[in-house]
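A quick write-up on the structure given underneath.
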Amino acid sequence: MEDDPMSDVEDLLDEMESTFSKPKLQPKSQTNCNSSELATEQMSPPNSDLDQLMADIIDDDDLDDATTISAHKPAALSNKQQQPQKKCFPCFLGGSIHARGLSTSSEQRACDQLLCTQCDFKVVSFDDYQWSSDCDYLFFRNNAPDFARLRVKLNKMKGSRAYACQCSWKSIRELTNVSNLIDVKWTCCRH
Ligand SMILES: [Zn+2]
Ligand SMILES: [Zn+2]
């Protein structure tokens, strides 16, 4: 009689354990990863239900759609697929005399595939121009990347290259490592 409460608890524990360990029998997605047994056991009941649901949905007809979409993609990107895309390392801005393209440690070029991680816009650049000193954030916000509209604040300047996204702008003459610029969040988004 005295043992009853304890065995009740044990029964309960056993029951919980068996419930928790059940999902492990279904090797679906996240539950596959056994890196931490404990975490998996605690997380698996709600997750596995979800996984199951997701798997069911995917198993049905979404998979067909997904394969059709991905089958079409390579054709559209065939030009770029011929060689693996690379990132500039290091990544440079340059003046108009500096060649544009992929930059490597042996061949330094001014990256022409820059993306701003702050406004999520591509960075445009204009050779032999520099930005007028009265540029402001709102001007770029409203007008970038349209050259015809940006032109009102672009002054002709031999050797300079004017860069801009929708939130930042720079006039560059020398080869400049982007990571040294603290006021722009531009990064090479692959060539
Ligand atoms: Zn680049
Ligand atoms: Zn930006």
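Counting starts at 1 for both ligands and their atoms, in listed order.
- Cys91 lies apart from the Zn ion (ligand 1) in this respect, since none of its N, O or S atoms is found at a distance under 2.8 Å.
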key: Full working for side-chain contact (heavy atoms from CB on, under 4.5 Å) between Ser105 and Phe89   = CA-CA 7 Å; Ser105 50; Phe89 187 79; 6.0 Å; no

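- The SG atom of Cys167 and the SG atom of Cys165 subtend an angle of 110° at the Zn ion (ligand 2), given to the nearest 10 degrees.
- At least one N, O or S atom of Cys88, from either the backbone or the side chain, sits less than 2.8 Å from the Zn ion (ligand 1).
- An angle of 110° is found at the Zn ion (ligand 2) between Cys119 atom SG and Cys116 atom SG, rounded to 10°.
- In terms of hydrophobic clustering, with Ile, Leu, Val, Met, Phe, Trp and Tyr side chains grouped at heavy-atom distances under 4.5 Å, Val123 and Leu181 are assigned to a common cluster.
- Partner Gln113 forms a side chain to side chain donor-acceptor pair (under 3.5 Å) with one of Arg100, Lys86, Arg190, Lys122 and no other, that one being Lys122.
- Ring geometry for Trp131 versus Phe139: interplanar angle over 60°, hence perpendicular rather than tilted (30 to 60°).
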